[in-house]
Amino acid sequence: MVGVITVVVLSLVTFTLGYLTYARYLSQFVELDEATETPAHKYDDGQEYVPSKKPVLLGHHYSSIAGGAPIVGPITAGAAFGWLPAILWIAIGNPLFGAVHDFMSLSASVRHEGKSIGYIIGEYVGERGKDMLLWFAFLTIILVIAVFALVVGVVFHFFPAAATASAIYIALALLFGVYLYQFQLPFLPGAIAFVGLVFAGVFVGLEYPIALVSTESTAADTLVLLGEASAWNWLPLSGSQNANVAAWVPVVIIYAFVASVLPVWVLLQPRDFLTSSLLYVGVGGMLVGVIVAAGLSVFGSGFSVTATNPISGEQLTRSALQMEIPAFTGFTSELGPLFPFLFVTIACGTISGFHSLVSSGTTAKQLDRETDARAIGYGAMLGEGLLATTAVAALAVVGFTSWQGGNLVGALANFPTGGAIILGAGFGIPVALGATFIGLVFVSFLLTSTDTATRLGRYMLEEIVGTPETSVQNLAVNRYVNTGVLCVPAYLLVGSGEWATLWPLFGGANQTLAALALLSATLWLANWDESKQLVSTGAPMALMLAITVTALLWIGLYRAPTDLLGADATAAMVAAGIQSLVALVLAGLAIALTWMGYKNISAERDSYTGAVTSDD
């Protein structure tokens with residue numbers, strides 16, 4: 001049986017080689033120059049354009065991109081297809097696809113005054129192309145809200161202590177914002193105190209776990225807030241999941257609504273700092289734990305960790321960290337065929353279009369020196385790949401049998417348990433404490449991604465509308481109305497509870513957005529200099545488009561209609577219908593944008609050679 005340390009070392013080796021060789025080549029290829037004035041200096045306004053030191057910006061960028069998806073996707077793919085296809089796509093695809101995507105999105109934005117990828121697309125194919133990309137990203141944001149709300153509900157159900165700890169974490173973020181921005185008190189002592197209180201919240205969660213609705217699996221010591229499941233079985237998702245998960249989902253969506261309309265100092269900025277602290281401790285602790293456990297097995301007295309599978313309730317005893325799930329389960333799964341669904345299921349950790357929104361939306365406006373783009377753009381994506389690697393490792397050490405019946409979403413609950421086993425093996429941390437802490441880490445990523453995505457979606461709709469001239473447009477740019485336009489469809493989408501459709505639909509949209517970001521980088525290179533090769537961006541763009549459009553068409557024409565015909569509940573029928581429509585619209589937008597980009601590149605390259613091109 002393969003040891004977990006082998007998987008970790010594989011990723012570390014490929015990522016190190018990618019950073020030392022390919023990232024250096026790309027930096028030279030796009031002619032990054034330390035002396036060139038960046039938009040952060042050129043337009044320094046103390047608000048959006050603010051030069052930031054490399055370590056500071058790296059931390060902000062990493063915490064912004066490393067949300068819940070690089071945990072959810074690898075776990076789902078590993079459970080569906082086995083750990084080997086999942087880890088190979090992460091270890092090889094990340095440095096060749098994802099890190100290139102992030103680096104080129106950041107570099108292209110810096111060379112376009114810190115503008116978004118939508119602006120860059122519009123620069124070369126026109127305003128219509130820009131609006132199409134913005135609508136594509138807007139629809140993708142709705143999917144982000146839907147799937148992450150469901151995942152948070154699942155984690156809170158299986159780990160009620162993490163629900164308590166998460167509530168404390170949000171409350172502390174609000175207080176930290178008041179401490180910093182209203183009372184203007186010193187940062188360092190406040191940071192130490194509030195980070196310490198976040199960790200203390202884990203112990204409070206162990207003593208006072210909470211659930212919204214009581215189900216058969218609810219422990220006797222859990223504080224139930226809304227009563228028995230029989231009173232809440234009318235909620236969407238109560239059939240496909242359970243009443244407690246069904247109750248948590250709208251709570252999470254309401255949280256995303258409120259958090260996204262608040263001023264950034266109230267919650268977003270202080271919460272991002274606290275999240276980054278959890279990120280470094282959680283991910284770093286798991287990686288070091290794997291290494292320490294491997295050393296104990298070889299050179300020390302060994303270890304023995306006993307945990308409870310959160311789904312089956314069976315006792316698990318591990319005296320070695322090994323891949324307890326099959327390396328490969330077959331070419332088909334509940335998700336669909338391995339091609340294209342392995343590649344869109346790992347929607348982050350290998351490549352993610354959401355990162356292009358971050359790279360070109362905020363990071364490019366804060367880059368101190370052009371040469372910092374290598375560490376921040378390429379390097380941070382490798383860091384997310386390490387997070388994805390820990391997700392596969394955590395899944396594998398728990399084992400596979402609990403979800404062989406087809407409940408893939410249930411596999412997500414094994415991340416906290418697997419993380420706890422790793423922490424217990426490496427550092428002797430009690431499993432209950434470790435599981436609650438890793439559950440908090442998981443949820444903090446998910447909540448950060450959810451409300452950040454909601455805020456970005458609001459900005460996109462405002463950019464699409466532009467200066468409002470009618471009463472409808474005035475409504476569309478109202479922060480409460482346009483946030484509702486995001487959140488209501490998200491809740492309708494998640495109503496089916498069909499994880500095998502929901503997550504691949506999100507992954508297909510997100511990966512297609514990545515392909516379109518690579519298209520924008522290819523357009524930039526083609527229009528910049530005829531000597532610039534287009535393979536580094538064009539090859540991954542073409543492959544990702546083939547993968548993602550195939551996946552979206554499969555979902556829109558086959559999978560979602562099949563779910564619609566087989567649905568019993570109205571909510572499930574509505575959700576399946578919306579899923580089919582969204583998938584087909586996204587596929588159509590992607591094909592149209594690609595064609596517009598292709599015509600621009602062909603015309604530009606032909607103009608260098610003097611060839612005559614058709615206007616058709």
Assess whether side-chain contact (heavy atoms from CB on, under 4.5 Å) is satisfied between Leu447 and Val252, documenting all intermediate values. CA-CA 8 Å; Leu447 293 179; Val252 176; 4.2 Å; yes
Tell me, with the steps shown, if Thr522 and Thr537 meet side-chain hydrogen bond (donor to acceptor under 3.5 Å, both in side chains). CA-CA 6 Å; Thr522 307; Thr537 56; 2.8 Å; yes
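- Side chain of Thr329 to backbone of Ala80: a donor-acceptor contact under 3.5 angstrom is found.
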Verdict with reasoning, Phe97 to Leu543, per side-chain contact (heavy atoms from CB on, under 4.5 Å): CA-CA 10 Å; Phe97 288 72; Leu543 182 57; 3.5 Å; yes
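- Across all non-hydrogen atoms, the minimal contact from Leu440 to Ala162 is N-CB, 4.2 Å.
- Between the NZ atom of Lys599 and the OG1 atom of Thr594 there is a distance of 12.5 Å, given to the nearest 0.5 Å.
- There is no side-chain donor-acceptor pair under 3.5 Å between Ser105 and Ser359.
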Apply side-chain contact (heavy atoms from CB on, under 4.5 Å) to Val472 and Leu475, showing your working. CA-CA 5 Å; Val472 174; Leu475 274 177; 5.6 Å; no
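- No donor-acceptor pair under 3.5 Å is formed between the side chain of Arg559 and the backbone N or O of Trp554.
- Between the side chains of Ser352 and Asn510, a donor-acceptor pair is found at a separation under 3.5 Å.
- Under the 3.5 Å distance criterion, the side-chain polar atoms of Ser360 are matched with a main-chain donor or acceptor of Ile117.
- Under the 3.5 Å distance criterion, the side-chain polar atoms of Ser580 are left unmatched by any main-chain donor or acceptor of Gly577.
- Taking CE of Met460 as the start and CG of Leu139 as the end, the distance is 10.5 Å to the nearest 0.5 Å.
- Here Leu553 contributes atom CG and Leu584 contributes atom CG; the two are 7.0 Å apart, rounded to the nearest 0.5 Å.
- Closest approach of Val494 and Ala146 over heavy atoms only: CG2-O, 3.4 Å.
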Given side-chain hydrogen bond (donor to acceptor under 3.5 Å, both in side chains), test Thr308 with Gln315 step by step and report yes or no. CA-CA 5 Å; Thr308 302; Gln315 290 293 111; 2.7 Å; yes
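- Residues Trp89 and Phe81 keep their aromatic ring centres 6.0 Å or farther apart.
- In this model, no donor atom of one side chain and acceptor atom of the other lie less than 3.5 Å apart for Ser449 and Thr452.
- Proximity of Phe159 to Ile438: side-chain heavy atoms (C-beta onward) are nowhere separated by under 4.5 Å.
- Here the CG-OG distance, from Leu226 to Ser214, works out to 11.0 Å after rounding to the nearest 0.5 Å.
- Closest approach of Ile121 and Leu516 over heavy atoms only: CD1-O, 4.1 Å.
- Contact between Leu493 and Ile578 at its shortest, heavy atoms only, is CD2-CG2, 3.5 Å.
- Side-chain N or O atoms of Gln511 include one that pairs as donor or acceptor with a backbone N or O of Ile346 at under 3.5 Å.
- Heavy atoms of other residues, nucleotides or ligands lying less than 6.0 angstrom from CZ of Phe331 number 12 at most.
- Taking CD1 of Ile65 as the reference point, atom CZ of Phe445 lies at 11.5 Å (rounded to 0.5 Å).
- A salt bridge links Glu463 with Lys130; the closest basic N to acidic carboxylate O contact falls under 4.0 Å.
- Contact annotation: the side chain of Leu513 never approaches that of Phe354 to less than 4.5 Å [non-hydrogen atoms, C-beta and beyond].
- When every heavy atom of Ala229 is checked against every heavy atom of Ala243, the shortest pair comes out as CB-CB, 3.8 Å.
- Between Trp503 and Phe506, the angle of the ring planes lies from 30° to 60°, which puts this pair in the tilted group.
- Closest approach of Gly385 and Ile90 over heavy atoms only: O-CG2, 3.8 Å.
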Let me see the working for Glu384 and His355 under side-chain hydrogen bond (donor to acceptor under 3.5 Å, both in side chains), right down to the final yes or no. CA-CA 11 Å; Glu384 183 176 278; His355 296 187; 3.1 Å; yes
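- Here the side chains of Val397 and Asn414 are not in contact, with every heavy-atom distance at 4.5 Å or above.
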side-chain contact (heavy atoms from CB on, under 4.5 Å) between Glu462 and Val465, worked out: CA-CA 5 Å; Glu462 291 169 1; Val465 172; 6.0 Å; no
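- Two residues are said to be in side-chain contact when any heavy atoms from C-beta on lie closer than 4.5 Å; Val125 and Leu523 meet this criterion.
- Between the Asn482 side chain and the Ala476 main chain, a donor and an acceptor come within less than 3.5 Å of each other.
- Residue-environment remark: CZ (Phe328) exceeds the threshold of 12 foreign heavy atoms within 6.0 Å.
- Remark: the backbone N or O of Asn233 is paired with a side-chain donor or acceptor of Ser238 at under 3.5 angstrom.
- Counting heavy atoms from C-beta outward, His101 and Pro540 have side chains that stay 4.5 Å or more apart.
- The side-chain heavy atoms of Val72 and Leu446, taken from C-beta on, include a pair separated by under 4.5 Å.
- Looking at heavy atoms from C-beta onward, Ile555 lies in side-chain contact with Phe341 at the 4.5 angstrom threshold.
- Donor-acceptor pairing under 3.5 Å is recorded for the side chains of Thr275 and Tyr169.
- In the model, Thr350 has no side-chain atom that pairs as donor or acceptor with a side-chain atom of Asn94 under 3.5 Å.
- Taking the side chain as every heavy atom from C-beta outward, Ile253 and Thr454 never approach each other to under 4.5 Å.
- Thr548 contributes atom OG1, which lies 10.0 Å from atom CG of Leu586 (distance to the nearest 0.5 angstrom).
- With Gln473 contributing its side chain and Thr470 its backbone, the two residues share a donor-acceptor pair below 3.5 Å.
- A donor-acceptor pair is defined here as one N or O able to donate and one able to accept, closer than 3.5 Å; no such pair exists between the side chain of Arg458 and the backbone of Val481.
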